[in-house]
Structures are given as C-alpha cells and as structure tokens.
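Here's the structure, in structure tokens; my notes come after.
Throughout, a chain's letter reflects where its sequence line sits, starting with A, and its residues are numbered from 1.
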Protein chains: 2
Amino acid sequence: MIANENDPRVIRSKQLIKDAFIKLMMERDFESITVKDITELATINRATFYAHYVDKYMLLEVLFLEFFDQTLARNKIDDSSFSIETLEKLIMAVCDYFMFIKNACRKISSSVMSLMEEKIISRLAAFIAGIAKPCVAEPEHFSEEMELSIIIVSWSIYGVALKWNNNKSLSKEELAVKSAKLIQNGANGLLLLSSAKGVL
Amino acid sequence: MIANENDPRVIRSKQLIKDAFIKLMMERDFESITVKDITELATINRATFYAHYVDKYMLLEVLFLEFFDQTLARNKIDDSSFSIETLEKLIMAVCDYFMFIKNACRKISSSVMSLMEEKIISRLAAFIAGIAKPCVAEPEHFSEEMELSIIIVSWSIYGVALKWNNNKSLSKEELAVKSAKLIQNGANGLLLLSSAKGVL
DNA sequence: CAACAAATGTTGGTTTAGCAACACAGGATG
DNA sequence: CATCCTGTGTTGCTAAACCAACATTTGTTG
C-alpha cells in the first residue's frame, strides 16, 4: 500500500502510533515494547503499523529525528552565515536534545542512543551544509574540503555534547562557549599544548 | 452505509465527533455550532458525520442521554427493590445531571433542555420499570396501573430536580429527602392540606 | 532437546473514511 | 428583486484501515 501522506487518515494513524509509542517509552525500556503494544494502545490494527513503518526501530528513528529537528528549530539559529555563535548554538541544541530524550524516556539504553548517533550527526551535517554552502563564492572548488570540514565539525559538536550529557561539570552555556572556540581552532590548540610540553 | 458498531474505526470516529462537540459546547451556544465546525475539529470528513448521526440534534440527544446514564450509574442505586431511598437517589441523580450539563456547556438554552426533557424522563421511567417490575408477583395484572405510576413518579422526579436547578434554596440532599416523601404520598398531602384549609 | 507460546512480518479480501461534486435552503447584501 | 455566500444533506468512486490467516522467528519452560 502506497499511502498518500496528506490523507487525514494517514496523518491521524501516524500520530496515534507516535503518541502511543511516546507514552510507552515513558513507562518502559525500548526493547520491551512490542509492535502489538503500540498498536493496541493506539487503537489501530497491527497491519496499519506496517503500512507506515518498517519496524519499531524505524519508528524510533523517525521520532527521534523529529525531536532533534524540533530542538534545532527551537534554538532559532541564524542561518545567514556560519559563525562562532552558530557553533555555540548547535552545541547547546544537541545538549537540549539529549536532555529531552532523557526526560521523555523512562530508560534509554546506550544501544538505542548509538542507533541514533549517525542519523543525528548526518542531520547536523546537513543543517550546517545548508548554512555554509550558500556563503561560498565558488562552491565547486571548495566542495571537497568543505564536506570534510562539515563532517569534522558535526562529529565534534556531537562529541562534546555527549560528554557533557554524561558528566555535567559545566553549564550548557559554558560548555558551548569553550567548546566552540576549541572546535574552531581544531587540532591547533592541542598541537600547541603538546609542543609546549615537548611531546612533539 | 450500515456501519458495524464494533469496528474500531467507527468507534474512533464517533468518539472524535463527541470530543469535538463537547469542546465546542464548552465554548459556544449549541445553535451556533455547525456540522462543519464539528467535523473540522474532529479531523474527520463531513460525510462521515452523516454516516453516524442524522444531524447535530441527534448527536446532542445521544450524548446527553449518555451523560444521564453515566450519572445514574455513578449514583449506584440499589436495583433489587424500589424504596424511598431509591426515590431519593433518583432525585439527586437528576440534580447531578443538571449540574453536569451546566458545567459542561458554556450556555445551555432552555430550548435545548426541553429537547432533552422527554428523553430523560423516558429513560428515568425505563430505569424505574427495570427495578419495579421484577418485584411484582403478577405483572400482567398490575401492568396498567404500574405504567401510570411510573410515569407519575418519573415526571415528579424530573420536576422537583428542575425546580431545584433554577432555585437552589435547599441542599440536594434536603430536596431529595423532602421531595421523596411528597412523591411517595402523591397528591394525598396536597389534598389533606387543602381540605384542612377548607378548599375542598 | 522438544514443545509450546508469543511476537513478527506479510497477504488478500472486506469495510469504512475521505473526497469532490451536486442540488437545495436560508440569510445577508447590493 | 437578484445575487452571493454559507451550511445542509446526499451520492459514487477511491483509498486507507481492518481483519483473519499464514509462515517464520524467537524465547522459554518442562
């Protein structure tokens, strides 16, 4: 069945599924939730679930990516150019995302988080690309280096936010300011520190 | 289309319609609510409304009767025999029903109330009949008188509760106790009072 | 290990909801 | 008065949800 995404029934069914899943995630571990549980709570047929989602893992992915997009949108990041402030806001956005997930789910396993990791970083990269690319005069020339830079920055952002989530020794804002500078300078700072100590 | 009342879609559609209607009744006057308003808020198609309800008046009737039945059920009336306590509880139940309606609707016109009046009294009569009939040894013999008695009692109950709703000079319980006695004695009390004053 | 129970995906046929279009009625506006 | 607008109620067709049934997989219990 190829469903029309604008059909009110499709919209409602998907929403009922999401609502039920969110409710269950507030009560239980992801792995313990069955498709049957979801569809029964959503008052839809199990076959209808499979008409819209491949399995519960795909539902998780879609939903968590939506959460992330909403978090990004809520942080109102200036998309006219890529600056140090953009970097700071992105870091804080990923921190918000982690906090949202922690708050919305009773028990979120690291396996679930790692299922989402790549997807979130990809989304981060796409977001950054959307800001940065139009700012470059000759996109065809710098595209190779830009792609790599975006990947580096995306993974860096995710990494510091994840570290913060495990060990909140700084405030979100402090983390953002400090980390943004470090990400900006890349390995330079590390190289300087190391050479000063005579390691290199 | 003859819908199967047990189909989950039918159940959900009807519930969506009811929820939307209740919400609108909390905000607006019944007459100002259109079928279009209801279906838009319920996120269903207008044709679907007509598949389940003749018009908005029928929806009102169904819903208010449900409210009344719920009120009756909540009052947990002993249905083993018909006693003075039964009478008192029925009076209080109708009072509860009036209070519920007043609370659930922004503005409830007297025309709407009178639309429901007969239906509620019929339901009252059916309820009383359900209690009283099994208690009679020879139902075929007393059926005529019993039918009339039930009608009299039903209208009496509704009447005193309606009066109380307009002018709450007594508590609900006081009204029930006093009125139950009066309904029990029927016109006897009035006749005595009148004769004592020499009117008859 | 075998047997059983429960969850997963999938399928074909049935039923209901959605939709667009229509005729009609009532009320407002020029 | 004619015209427009909005809501009502109906209809035939399309598309989505339901359902029962099935083969498979997974897990657990004696």
Quiz item: Hey, do the aromatic rings of Tyr158(B) and Tyr97(B) have their centres closer than 6.0 Å?
Solution: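 Between Tyr97(B) and Tyr158(B), which both carry aromatic rings, the centre distance is not below 6.0 Å.
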Closest to the [X] side chain: [options]?
{"X": "Arg9(A)", "options": "dG9(C), dG18(C), dT15(C)", "result": "dG18(C)"}
{"X": "Pro8(A)", "options": "dA16(D), dC19(C), dA7(C)", "result": "dC19(C)"}
{"X": "Ala47(B)", "options": "dA17(D), dT11(D), dT16(C)", "result": "dT11(D)"}
{"X": "Arg46(A)", "options": "dT16(C), dC19(C), dT8(C)", "result": "dT8(C)"}
{"X": "Val10(A)", "options": "dG7(D), dC19(C), dA16(D)", "result": "dA16(D)"}
{"X": "Ile44(A)", "options": "dG18(C), dC18(D), dT8(C)", "result": "dC18(D)"}
{"X": "Lys36(B)", "options": "dT8(D), dT16(C), dG9(C)", "result": "dT8(D)"}
{"X": "Thr34(A)", "options": "dC18(D), dA7(C), dG9(D)", "result": "dA7(C)"}

Practice problem: Examine the side chains of Thr34(A) and Asp37(A) and answer whether a donor and an acceptor come within less than 3.5 Å of each other. | Solution: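 Side-chain D/A pair, Thr34(A) to Asp37(A): present.
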Quiz item: Will you find, in the side chains of Ser83(B) and Thr86(B), an N or O donor that is under 3.5 Å from an N or O acceptor?
Solution: yes
Practice problem: Check whether more than 12 heavy atoms from other residues, nucleotides or ligands sit under 6.0 Å from atom CZ of Arg74(B), and answer yes or no. | Solution: yes
Rounded to the nearest angstrom, tell me the gap between atom [atom1] in [X] and atom [atom2] in [N].
{"X": "Ile38(A)", "N": "dA7(C)", "atom1": "CD1", "atom2": "C1'", "result": "12 Å"}
{"X": "Ile11(B)", "N": "dT15(C)", "atom1": "CD1", "atom2": "C1'", "result": "14 Å"}
{"X": "Ile33(B)", "N": "dT6(D)", "atom1": "CD1", "atom2": "P", "result": "20 Å"}
{"X": "Glu40(A)", "N": "dT8(C)", "atom1": "CD", "atom2": "C1'", "result": "14 Å"}

Quiz item: On DNA chain C, nearest-nucleotide positions of Lys56(A) versus Asp7(A): which is more 5'?
Solution: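 The residue closer to the strand's 5' end, by nearest nucleotide, is Lys56(A).
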Quiz item: Could Lys36(B) and Glu40(B) be called an ion pair, given the rule that one side-chain N must be under 4.0 Å from one carboxylate O?
Solution: yes
Self-check item: Side-chain N,O (Asn45(B)) to OP1/OP2 (dA17(C)) below 4.0 Å
Solution: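 It does not, given that no N or O in the side chain of Asn45(B) lies less than 4.0 Å from OP1 or OP2 of dA17(C).
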Quiz item: Counting only side-chain N and O atoms of His52(B), is one of them less than 4.0 Å from OP1 or OP2 of dA17(C)?
Solution: yes
Exercise. Classify the nucleic acid contact of Thr39(A) as base, sugar-phosphate or nothing, counting any heavy atom under 4.0 Å across all strands shown.
Key: nothing
